[in-house]
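Encoded as structure tokens, the structure appears first; notes follow it.
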Amino acid sequence: ASFQDGDTRYVRFCNFVNGPTFECIFGLIIFLNAVQLALEMQWRGLESGFLISFPKYNDTANGTWPWADTFFKVSEYILGTLFTLEMIVKIIAQRCNYLRDVWNWIDAIIVFAWFGTLAGEIDVGFNPFLLRLLRLARLLRLLRLIRSISVFDSLYLMTTAIRGSVSVLLWAVFILALVEMCLACVIQSLVEDWIRDPANKGTEGGHKVYMYFGSFSRSMLTMYEMTLGNWMPPCRALVENVDEWYMLFFLMHKFIIGFSVVSVITGVFIQETFKVATSDDQIMLNNKERLMKEHSRKMQALFQAADDNGDGNLTRDEFEEVMNDGTVRTWLSSMGLDVGDAGTLFDLLHNSEGYITAEDLIRGASRLKGPAKHIEFAEFITEWRQHQVMVEQMRNQLNGVCGSGMMLKGQESKPVPILRDDDGPSNFCPSNPSFCGFGSRRA
């Protein structure tokens with residue numbers, strides 16, 4: 001028994017380590033590490049500002065934040081210890097499988113690099129702070145959990161939409177780059193002679209125009225700035241220094257490229273997002289589960305409001321009383337459940353004991369609300385055909401019994417024709433009407 005208890009505890013331990021709860025806990029620790037790194041970068045920036053004598057940075061980082069140095073050292077020890085414990089726990093739980101996960105290799109490299117920099121025995125060849133930044137990349141491991149945790153539904157939708165929009169993004173970048181390249185070449189060729197004019201040499205206007213359109217790289221950057229950012233500074237540079245007619249070029253570029261093309265690209269991305277949202281299996285499952293939970297919550301609230309005596313069962317009187325409320329009828333109608341006759345609805349919902357439980361109300365309302373579904377029509381037609389076959393078999397059996405030559409007082413009975421579904425004649429035996437049970441008449 002002690003060995004079995006030990007095995008059970010080890011299995012629980014492995015399930016916990018490999019489960020989403022463990023990953024979420026260390027995901028939160030990594031997030032706190034990100035906050036700590038951001039504060040440390042701010043502290044280092046204060047020191048850099050002091051070293052270059054930047055305005056208003058008149059004191060060292062330690063003078064501005066005297067607590068920072070000790071805080072960062074202590075927090076680094078704590079975080080490094082936690083990540084080391086995580087690695088050890090995973091090795092115990094996963095054993096040989098630990099080496100099969102790439103993320104585990106990254107975790108091990110980070111931990112050993114931390115030990116090396118801590119002991120001062122390993123020179124990594126670059127700033128060891130960059131190794132600590134690799135911890136933030138471990139947050140990407142949480143992407144494996146967003147499929148199974150309902151809190152991450154929105155995040156899963158965004159990541160799935162981004163992944164599904166990669167092809168759209170590539171084509172959008174290609175088309176936009178091609179258009180901007182052509183326009184950059186055109187505008188550079190138009191202002192090149194003006195820039196090279198000796199009269200503009202060394203002037204402020206010449207430098208400003210060259211800053212925006214002096215080379216292909218500058219012109220290309222300016223075209224993207226005009227499309228995605230502020231288009232007025234480049235426009236003013238040409239209008240004020242070269243020619244006012246360049247205003248028409250910039251206005252047409254803004255109307256055609258800035259409004260039309262960019263809006264079309266944005267619309268394609270939005271359409272791709274809706275396409276992913278309506279076709280991804282996991283998203284559809286999450287939406288269905290959310291709707292079912294919402295429906296269950298609303299029906300539970302209705303049941304509690306209708307159950308006057310609190311016995312967990314709705315009688316016909318209790319059900320009809322709450323259904324006669326106009327507000328309740330309107331509320332149910334908004335959810336697709338139109339209440340015509342409360343008594344009829346009660347007959348459709350109650351169980352074999354003549355009551356309605358909360359589960360009966362949830363299940364029955366979900367089945368009845370909305371228009372009839374194709375599957376319901378298919379079920380009805382299937383049942384009707386089965387009953388039709390049963391009735392036909394019963395009719396054939398009765399016809400066979402009645403037509404077998406039964407005698408009444410030594411006389412042969414004469415079969416009488418009756419109507420079938422196909423209006424064809426069928427023999428009926430009048431000699432024993434009580435046995436046949438329907439439609440008999442004497443010959």
Side-chain angles (χ1 to χ4, degrees), residues 20-21 24 145-161 270-388 390:
T21 303
C24 288
L145 306 177
I146 62 179
R147 296 172 60 92
S148 57
I149 302 178
S150 59
V151 179
F152 296 145
D153 285 352
S154 299
L155 178 60
Y156 179 74
L157 174 60
M158 287 189 292
T159 54
T160 306
I270 295 175
Q271 181 185 15
E272 190 67 22
T273 301
F274 283 113
K275 178 182 176 182
V276 171
T278 55
S279 60
D280 186 81
D281 294 336
Q282 188 63 40
I283 294 177
M284 289 190 293
L285 288 174
N286 294 340
N287 292 336
K288 185 64 176 178
E289 291 178 358
R290 189 183 302 110
L291 292 176
M292 291 174 62
K293 291 179 181 179
E294 183 67 17
H295 169 75
S296 177
R297 184 186 63 81
K298 291 181 178 181
M299 291 299 103
Q300 285 281 3
L302 175 62
F303 183 86
Q304 293 176 2
D307 190 12
D308 294 333
N309 54 13
D311 60 349
N313 295 312
L314 290 183
T315 62
R316 181 179 293 272
D317 294 336
E318 290 176 333
F319 184 79
E320 291 181 353
E321 180 181 358
V322 72
M323 288 300 162
N324 289 331
D325 189 341
T327 304
V328 175
R329 286 175 174 267
T330 305
W331 178 64
L332 291 175
S333 179
S334 66
M335 293 188 294
L337 181 60
D338 293 324
V339 182
D341 181 64
T344 303
L345 182 59
F346 181 85
D347 294 334
L348 293 173
L349 296 176
H350 73 75
N351 53 31
S352 59
E353 298 178 357
Y355 297 103
I356 296 178
T357 63
E359 184 65 26
D360 295 332
L361 182 61
I362 294 172
R363 185 174 58 253
S366 177
R367 186 181 68 252
L368 295 176
K369 71 177 183 179
K373 303 178 179 64
H374 292 290
I375 189 172
E376 293 174 342
F377 280 117
E379 291 176 353
F380 172 76
I381 293 175
T382 301
E383 292 179 359
W384 177 77
R385 288 176 177 172
Q386 292 175 352
H387 294 161
Q388 188 180 30
M390 293 174 61

Please report the closest heavy-atom contact between [X] and [Y], naming both atoms and the distance.
{"X": "L314", "Y": "F303", "value": "CG-CE1, 3.4 Å"}
{"X": "E318", "Y": "A306", "value": "CB-O, 3.8 Å"}
{"X": "A358", "Y": "Q300", "value": "CB-OE1, 3.9 Å"}

Contact check, side chains of W331 and L302, non-hydrogen atoms, under 4.5 Å: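 A side-chain contact exists here, since the closest heavy-atom pair is under 4.5 Å.
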
Beyond-backbone contact of D360 with L349, side-chain heavy atoms, under 4.5 angstrom: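 No, too far: nothing below the 4.5 Å cut-off.
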
Worked verdict on I362 versus R297 for side-chain contact (heavy atoms from CB on, under 4.5 Å): CA-CA 9 Å; I362 294 172; R297 184 186 63 81; over 6 Å; no

Rounded to the nearest 0.5 Å, what separation is found between the [atom1] atom of [X] and the [atom2] atom of [Y]?
{"X": "D307", "Y": "Q304", "atom1": "CG", "atom2": "CD", "answer": "8.5 Å"}
{"X": "L361", "Y": "F319", "atom1": "CG", "atom2": "CZ", "answer": "6.5 Å"}
{"X": "N351", "Y": "T357", "atom1": "CG", "atom2": "OG1", "answer": "6.0 Å"}
{"X": "T315", "Y": "D317", "atom1": "OG1", "atom2": "CG", "answer": "5.0 Å"}
{"X": "K293", "Y": "K298", "atom1": "NZ", "atom2": "NZ", "answer": "15.5 Å"}
{"X": "Y355", "Y": "D311", "atom1": "OH", "atom2": "CG", "answer": "8.0 Å"}

Are any side-chain N or O atoms of [X] and backbone N or O atoms of [Y], one a donor and one an acceptor, separated by less than 3.5 Å?
{"X": "R329", "Y": "M323", "result": "yes"}
{"X": "N324", "Y": "E320", "result": "yes"}
{"X": "S296", "Y": "M292", "result": "no"}

Enclosure of E294 CD (heavy-atom neighbours >12, cutoff 6.0 Å):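 Counting neighbours around CD of E294, more than 12 heavy atoms of other residues, nucleotides or ligands fall under 6.0 Å, so yes.
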
Sidechain N-carboxylate O distance under 4.0 Å for E359, R363: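 Salt bridge between E359 and R363, a charged N being under 4.0 Å from a carboxylate O: yes.
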
